[in-house]
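First the structure, in the form of structure tokens, and then the observations on it.
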Amino acid sequence: MGKRRYRYAPSPTGVLHVGNARTAIYNWLLARHYESTLILRIEDTDKERSTPESEKAILQDLKWLGLDWDEGPDKGGDCGPYRQSERGHLYEEYQHILLQKKRAYYCFCTPEELKQQREELLSQSLMPQYTGRCLKYSESQVKIFLNQNKPYVVRYHVLPGDPVIVHDQVRGDVKFERETIGDFVIAKSDGGATYQFACVVDDALMKVTHVVRGDDHLSNTPKQLLIFEDLGFKPPVYAHLPMVLGIDRKKLSKRHGAVSVGEYKEKGYLPHAFLNFLVLLGWSSETEDELLEKERLIKEFTEKRLSRSPSIFETGKLDWMNGQYIRKLSLEEFYQSELSFIEKEYDLKRMDIKWLKQVLAVLQTAVVKLPDICKELEIFFEDRFHLSPEVKKEFQNEDFKKVLIGLKEFLEKSETSDFEVIKKSVSEQTGAKGKNLFMPLRLAITGQKHGPELSLVVPLLGYKNLKKRIEHTMKELGL
RNA sequence: GUCCCCAUCGUCUAGGCUGGUCUAGGACACCAGGUUUUCAUCCUGGUAACAGGGGUUCAAAUCCCCUUGGGGACGCCA
């Protein structure tokens with residue numbers, strides 16, 4: 001058995017969507033698991049909608065996820081070019097073979113005629129496939145039309161015969177009667193190949209052995225199988241993945257919220273957390289473990305445990321997963337991941353990096369999504385220190401006031417930011433303890449009811465800031 | 001409409017191929033309790049599902065059929 005060749009073939013007509021990203025991830029995982037080749041092919045046969053920007057963006061998103069490939073437009077390889085727009089001559093070549101073998105024919109029907117035929121069939125409760133109307137033209141008649149420059153497309157002609165069986169790694173054998181297939185277009189009126197045709201020629205010429213793609217292609221597969229056969233190529237092994245749907249069980253779209261990889265990057269999810277989450281949408285580990293590092297995924301991922309039913313893209317678990325991965329990060333990794341998000345709201349240049357890292361260490365368990373850090377960071381910056389009316393109200397409590405005054409007096413005579421010392425002294429002086437001691441201290445020092453342990457926060461604030469904050473608090477309370 | 005696919009807790013899923021060990025397991029979310037000065041983290045516990053009907057069988061979540069529901073395809077989109 002030779003080396004397998006997998007491929008991921010995106011259309012550069014927009015951003016990378018989560019469903020497509022999952023397909024890419026599965027192909028990548030399979031290729032790496034079987035120590036095989038992964039080809040990246042750009043399917044830009046739709047000249048209207050394909051753009052170089054979109055291709056670039058998709059490649060970027062794939063890389064962000066941590067994927068790589070062995071052959072592709074940016075990598076080269078023996079089976080290039082890897083953009084369908086650059087392979088027109090190949091499609092033409094094979095189109096001629098089909099035409100010559102009479103397995104394809106010219107169709108001169110106009111879009112209006114096609115539409116009419118379609119409606120007619122539909123009204124008769126039939127599958128609206130092409131009627132084969134242009135099959136009736138003799139060779140000489142076709143020549144006349146061609147000489148007249150009559151617009152045409154080339155259609156593949158499906159002959160009657162045995163049912164076409166798709167041997168699918170996730171579905172099993174799926175049978176399609178030939179009558180239900182209908183003659184489909186392989187060359188558009190501008191001469192360009194359609195997806196159906198380009199896909200077959202490329203998969204054959206690129207020696208692809210395994211095609212893993214969305215379920216929406218399952219009913220297209222018999223068509224492709226027919227072409228493979230007529231062209232004398234051996235078809236690849238197929239695996240059709242169930243769709244990823246929105247919460248309403250409809251096709252995932254923008255109205256479901258964020259559905260592109262880029263959006264999740266911006267929201268502050270770790271690439272591997274997002275990848276891990278996506279992998280579990282349609283696949284499970286034999287161990288039922290869910291937090292799986294890259295190495296384990298590659299080791300355990302096979303087509304055998306792919307699920308057959310569609311899954312709903314619901315990101316609740318993603319948040320939990322992201323938090324888990326954030327907590328696993330080393331301090332340095334956490335710092336690096338957070339940098340770009342902190343930068344958006346704070347002036348990094350004026351910060352001591354060593355101090356910032358210490359602060360981050362204290363906050364690591366409080367972050368679910370990377371940008372959460374900005375809010376958490378607030379208690380460490382003077383310009384963000386303020387007392388909300390709610391906090392002020394807390395100080396109507398006389399015991400709280402007493403602690404505040406005790407703290408102020410202590411700081412005036414002792415220059416320390418050791419929380420243990422502060423706590424002990426204030427407690428002794430005021431007699432407060434437990435919640436009645438900690439809460440007023442927390443409120444006076446951070447201005448917040450909640451936050452990390454004071455014993456960690458206070459030293460990071462330092463004596464000067466501490467004193468400033470107490471004075472600020474006293475002033476705001478009019479004491 | 002026709003063809004094809006799918007159907008286990010709210011969500012992701014295990015189990016189904018090779019019926020009994022499934023009074024259906026795990027995870028997220030949710031609820032309760034514990035830890036913590038508070039919040040977060042962490043720990044413990046709980047609520048919650050085999051779409052419906054028929055069959056096969058001593059026995060069905062597991063096999064078969066039907067119904068229902070959902071999705072996809074039927075494009076000079078991919």
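- A side-chain donor from one of D202(A) and Y91(A) sits under 3.5 Å from a side-chain acceptor of the other.
- Rounded to whole Å, the separation between the C1' atoms of rC9(B) and rA49(B) comes to 4 Å.
- Base pairing of rC42(B): its partner is rG34(B), meeting the Watson-Crick or G-U wobble criterion (both donor-acceptor distances under 3.5 Å).
- The aromatic rings of F145(A) and F108(A) sit tilted, their planes meeting at an angle between 30° and 60°.
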Distances under 3.5 Å between nitrogen or oxygen atoms of protein and nucleotides 72-77 of chain B:
{"unit_1": "rA73(B)", "atom_1": "O4'", "unit_2": "S219(A)", "atom_2": "OG", "d": "3.1"}
{"unit_1": "rC74(B)", "atom_1": "O2'", "unit_2": "P128(A)", "atom_2": "O", "d": "3.4"}
{"unit_1": "rG75(B)", "atom_1": "OP1", "unit_2": "R118(A)", "atom_2": "NH1", "d": "3.0"}
{"unit_1": "rC76(B)", "atom_1": "O2", "unit_2": "S189(A)", "atom_2": "N", "d": "2.8"}
{"unit_1": "rC76(B)", "atom_1": "O2", "unit_2": "S189(A)", "atom_2": "OG", "d": "2.7"}
{"unit_1": "rC76(B)", "atom_1": "N3", "unit_2": "S189(A)", "atom_2": "OG", "d": "3.1"}
{"unit_1": "rC77(B)", "atom_1": "OP2", "unit_2": "K188(A)", "atom_2": "NZ", "d": "2.9"}
{"unit_1": "rC77(B)", "atom_1": "O2'", "unit_2": "D46(A)", "atom_2": "OD2", "d": "3.2"}
{"unit_1": "rC77(B)", "atom_1": "O2'", "unit_2": "R49(A)", "atom_2": "NH2", "d": "2.9"}

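- The pair K251(A)-D216(A) does not meet the salt-bridge criterion, since no charged nitrogen lies less than 4.0 angstrom from a carboxylate oxygen.
- You'll find that the side chain of E43(A) is closest to rA78(B), out of rA29(B), rA78(B), rC5(B).
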Restricting to nitrogen or oxygen on both sides, can you table the protein-nucleotides 32-41 of chain B pairs closer than 3.5 Å?
{"unit_1": "rU37(B)", "atom_1": "N3", "unit_2": "R442(A)", "atom_2": "NH2", "d": "3.3"}
{"unit_1": "rU37(B)", "atom_1": "O4", "unit_2": "L454(A)", "atom_2": "N", "d": "2.9"}
{"unit_1": "rU38(B)", "atom_1": "O2'", "unit_2": "H450(A)", "atom_2": "ND1", "d": "2.5"}
{"unit_1": "rU38(B)", "atom_1": "O2", "unit_2": "R442(A)", "atom_2": "NE", "d": "3.4"}
{"unit_1": "rU38(B)", "atom_1": "O2", "unit_2": "G451(A)", "atom_2": "N", "d": "3.0"}
{"unit_1": "rU38(B)", "atom_1": "O2", "unit_2": "G451(A)", "atom_2": "O", "d": "3.2"}
{"unit_1": "rU38(B)", "atom_1": "N3", "unit_2": "R442(A)", "atom_2": "NH2", "d": "2.7"}
{"unit_1": "rU38(B)", "atom_1": "N3", "unit_2": "G451(A)", "atom_2": "O", "d": "2.6"}
{"unit_1": "rU38(B)", "atom_1": "O4", "unit_2": "R442(A)", "atom_2": "NH2", "d": "3.4"}
{"unit_1": "rU38(B)", "atom_1": "O4", "unit_2": "E453(A)", "atom_2": "N", "d": "3.4"}
{"unit_1": "rC39(B)", "atom_1": "O4'", "unit_2": "H450(A)", "atom_2": "ND1", "d": "3.0"}
{"unit_1": "rC39(B)", "atom_1": "O2", "unit_2": "G451(A)", "atom_2": "O", "d": "3.4"}
{"unit_1": "rC39(B)", "atom_1": "N3", "unit_2": "G451(A)", "atom_2": "O", "d": "3.3"}
{"unit_1": "rA40(B)", "atom_1": "O2'", "unit_2": "T365(A)", "atom_2": "O", "d": "2.5"}
{"unit_1": "rA40(B)", "atom_1": "N3", "unit_2": "T365(A)", "atom_2": "OG1", "d": "3.3"}
{"unit_1": "rU41(B)", "atom_1": "O3'", "unit_2": "R327(A)", "atom_2": "NH1", "d": "3.4"}

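- The partner of rA61(B), taking Watson-Crick or G-U wobble pairs whose two distances both stay under 3.5 Å, does not exist in any strand shown.
- rG46(B) and rG26(B) are spaced 16 Å apart, taking the C1' atom of each and rounding to whole Å.
- Comparing the C1' positions of rU13(B) and rC50(B) gives an interatomic distance of 13 Å, to the nearest angstrom.
- With both pairing distances under 3.5 Å, rA7(B) is matched to rU68(B) as a Watson-Crick or G-U wobble pair.
- Rounded to whole Å, atom C1' of rA29(B) lies 16 Å from atom CG of N322(A).
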Which atom pairs, donor and acceptor, lie under 3.5 Å between side-chain atoms of residues 421-429 of chain A and protein residues at least two apart or in another chain?
{"unit_1": "K423(A)", "atom_1": "NZ", "unit_2": "E420(A)", "atom_2": "OE1", "d": "3.4"}
{"unit_1": "S425(A)", "atom_1": "OG", "unit_2": "V421(A)", "atom_2": "O", "d": "2.8"}
{"unit_1": "S427(A)", "atom_1": "OG", "unit_2": "A432(A)", "atom_2": "O", "d": "2.9"}
{"unit_1": "Q429(A)", "atom_1": "NE2", "unit_2": "E409(A)", "atom_2": "OE1", "d": "2.9"}

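- A gap of 26 Å separates the C1' atoms of rG69(B) and rC22(B), to the nearest Å.
- Whole-Å rounding puts the M321(A) CE to rC28(B) C1' distance at 9 Å.
- At whole-Å resolution of the value, CG in N276(A) and P in rC28(B) are 13 Å apart.
- rC28(B) and rA48(B): their C1' atoms are spaced 13 Å apart (whole Å).
- Taking atom C1' on both rA14(B) and rG25(B), the two are 6 Å apart, rounded to the nearest angstrom.
- rA78(B) is unpaired under the Watson-Crick or G-U wobble criterion, no partner having all donor-acceptor distances under 3.5 Å.
- In this structure, a donor-acceptor pair under 3.5 Å is present between the side chains of S260(A) and E263(A).
- For rA60(B) and rG55(B), the C1' atoms lie 11 Å apart once the distance is rounded to whole Å.
- When each of G316(A) and V174(A) is assigned the nucleotide of RNA chain B bearing its nearest heavy atom, the one mapping closer to the 5' terminus is V174(A).
- The distance from atom CD of E120(A) to atom C1' of rG1(B) is 15 Å, rounded to the nearest whole Å.
- In this structure, a donor-acceptor pair under 3.5 Å is present between the side chains of T287(A) and S285(A).
- Here K433(A) pairs with nothing under the side chain to side chain donor-acceptor pair (under 3.5 Å) rule; sequence neighbours left out.
- If you check the side chains of H210(A) and N27(A), you find no donor sitting under 3.5 Å from an acceptor.
- No side-chain N or O of T221(A) forms a donor-acceptor pair with one of R171(A) less than 3.5 Å apart.
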Check nucleotides 11-17 of chain B against the protein and report each pair of N or O atoms closer than 3.5 Å, with its distance, or say if there are none.
{"unit_1": "rC12(B)", "atom_1": "OP1", "unit_2": "I312(A)", "atom_2": "N", "d": "2.7"}
{"unit_1": "rC12(B)", "atom_1": "O2'", "unit_2": "L280(A)", "atom_2": "O", "d": "2.9"}
{"unit_1": "rC12(B)", "atom_1": "O2", "unit_2": "K317(A)", "atom_2": "NZ", "d": "3.1"}
{"unit_1": "rU13(B)", "atom_1": "OP1", "unit_2": "G282(A)", "atom_2": "N", "d": "2.5"}
{"unit_1": "rA14(B)", "atom_1": "OP1", "unit_2": "S284(A)", "atom_2": "OG", "d": "3.3"}
{"unit_1": "rA14(B)", "atom_1": "O3'", "unit_2": "R305(A)", "atom_2": "NH2", "d": "3.4"}
{"unit_1": "rA14(B)", "atom_1": "O2'", "unit_2": "E288(A)", "atom_2": "OE2", "d": "3.2"}
{"unit_1": "rG15(B)", "atom_1": "OP1", "unit_2": "R305(A)", "atom_2": "NH1", "d": "3.3"}

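- As judged by a 4.0 angstrom heavy-atom cut-off over every strand, K433(A) is placed among residues making no nucleic acid contact.
- Ring geometry, F438(A) versus F419(A): the interplanar angle falls from 30° to 60°, so the pair is classed tilted.
- Across the protein-nucleic acid pair, F176(A) atom CZ and rU2(B) atom C1' stand 13 Å apart, rounded to whole Å.
- Within the shown strands, nothing qualifies as a pairing partner of rU23(B) under the Watson-Crick or G-U definition with both distances less than 3.5 Å.
- Distance Y238(A) OH to rC4(B) C1': 16 Å, rounded to the nearest Å.
- Classification of the F301(A)-Y26(A) ring pair by plane angle, with boundaries at 30° and 60°, yields tilted.
- The separation between D289(A) atom CG and rG25(B) atom C1' is 14 Å, rounded to whole Å.
- N276(A) and Y325(A) form a side-chain donor-acceptor contact under 3.5 Å, judged by distance and modelled atom types alone.
- Judged by Watson-Crick or G-U wobble contacts below 3.5 Å, the nucleotide rU56(B) has no partner.
- Listed by first then second residue, pairs satisfying side chain to side chain donor-acceptor pair (under 3.5 Å) with a partner in residues 7-17 of chain A read R7(A)-D203(A), not counting sequence neighbours.
- When the C1' atom is used for both rA7(B) and rG52(B), the distance is 12 Å, rounded to whole Å.
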